[in-house]
Amino acid sequence: QVQLVESGGGLVQTGGSLRLSCVASGRTFSSLARGWFRQAPGMEREFVAAISWNGGSIYYGESVKGRFTISRDNAKNTVYLQMNSLKAEDTAVYYCAAGNDYSDYGAPLRSASNDYDYWGQGTQVTVSS
């Protein structure tokens, strides 16, 4: 059974940091692109960041660029999201995802949620002012 399990969410003050992790199991994810999305109450799911299978390509959403860093450890089937300088508007449920990676063919990393086939259950991040 394929599973993605996020951890590391919680409550943090404005300006603080959190590191999210997402461990995959049930198949090998080392050849897939990995991504993070988030969804705030009443809002659509928003792209946060994506990383190619070998870490050679990385793509960030505009709202997190310069503050968040995505990375991965294929030996651990894990992707990370380091979140710094957190703002109240970063409050959301954060989801990790995995999908086909065409970056080796020159294609850009995907930012649409329907481009990802595997999803975790989400972890809540709350930033208080």
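In this structure, the separation between OH on Y59 and CD1 on I51 is 15.0 Å, given to the nearest 0.5 Å. Rounding to the nearest 0.5 angstrom, the gap separating the CZ atom in R67 from the OH atom in Y60 is 12.0 Å. Annotation: the span from C96 atom SG to L81 atom CG amounts to 10.5 Å, rounded to 0.5 Å.
Ring geometry, W119 versus Y116: the interplanar angle exceeds 60°, so the pair is classed perpendicular (tilted spans 30 to 60°).
Q13 CD: 12 or fewer foreign heavy atoms inside a 6.0 Å radius.
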Only pairs under 3.5 Å count here: list side-chain donor-acceptor contacts from residues 122-129, not counting sequence neighbours, and write none if there are none.
{"unit_1": "T123", "atom_1": "OG1", "unit_2": "G9", "atom_2": "N", "d": "3.3"}
{"unit_1": "Q124", "atom_1": "NE2", "unit_2": "A92", "atom_2": "O", "d": "3.4"}
{"unit_1": "Q124", "atom_1": "NE2", "unit_2": "T126", "atom_2": "OG1", "d": "3.3"}

Scan the side chains in residues 18-40 for donor-acceptor partners under 3.5 Å anywhere in the protein, sequence neighbours excluded, and list what turns up.
{"unit_1": "R27", "atom_1": "NH1", "unit_2": "Y118", "atom_2": "OH", "d": "3.2"}
{"unit_1": "R34", "atom_1": "NH2", "unit_2": "C22", "atom_2": "O", "d": "3.3"}
{"unit_1": "W36", "atom_1": "NE1", "unit_2": "Y80", "atom_2": "O", "d": "3.4"}
{"unit_1": "R38", "atom_1": "NE", "unit_2": "E46", "atom_2": "OE1", "d": "2.8"}
{"unit_1": "R38", "atom_1": "NH1", "unit_2": "D90", "atom_2": "OD1", "d": "2.8"}
{"unit_1": "R38", "atom_1": "NH1", "unit_2": "Y94", "atom_2": "OH", "d": "2.9"}
{"unit_1": "R38", "atom_1": "NH2", "unit_2": "E46", "atom_2": "OE1", "d": "3.4"}
{"unit_1": "R38", "atom_1": "NH2", "unit_2": "S63", "atom_2": "OG", "d": "3.2"}
{"unit_1": "Q39", "atom_1": "NE2", "unit_2": "M43", "atom_2": "O", "d": "3.0"}

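A continuous path of Ile, Leu, Val, Met, Phe, Trp and Tyr side chains, each step under 4.5 Å between heavy atoms, connects V64 with I58, placing both in one hydrophobic cluster.
Side-chain contact between T91 and L86 is absent, with no heavy atoms from C-beta onward closer than 4.5 Å.
A donor-acceptor pair under 3.5 Å is formed between the side chain of E6 and the backbone N or O of Q121.
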*side chain to side chain contact (heavy atoms under 4.5 Å, CB included) between V12 and S17, intermediate numbers included*: CA-CA 7 Å; V12 64; S17 298; over 6 Å; no

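Of the options D104, N74, D101, a side-chain hydrogen bond (donor to acceptor under 3.5 Å, both in side chains) to W53 is made by D104 and by none of the others.
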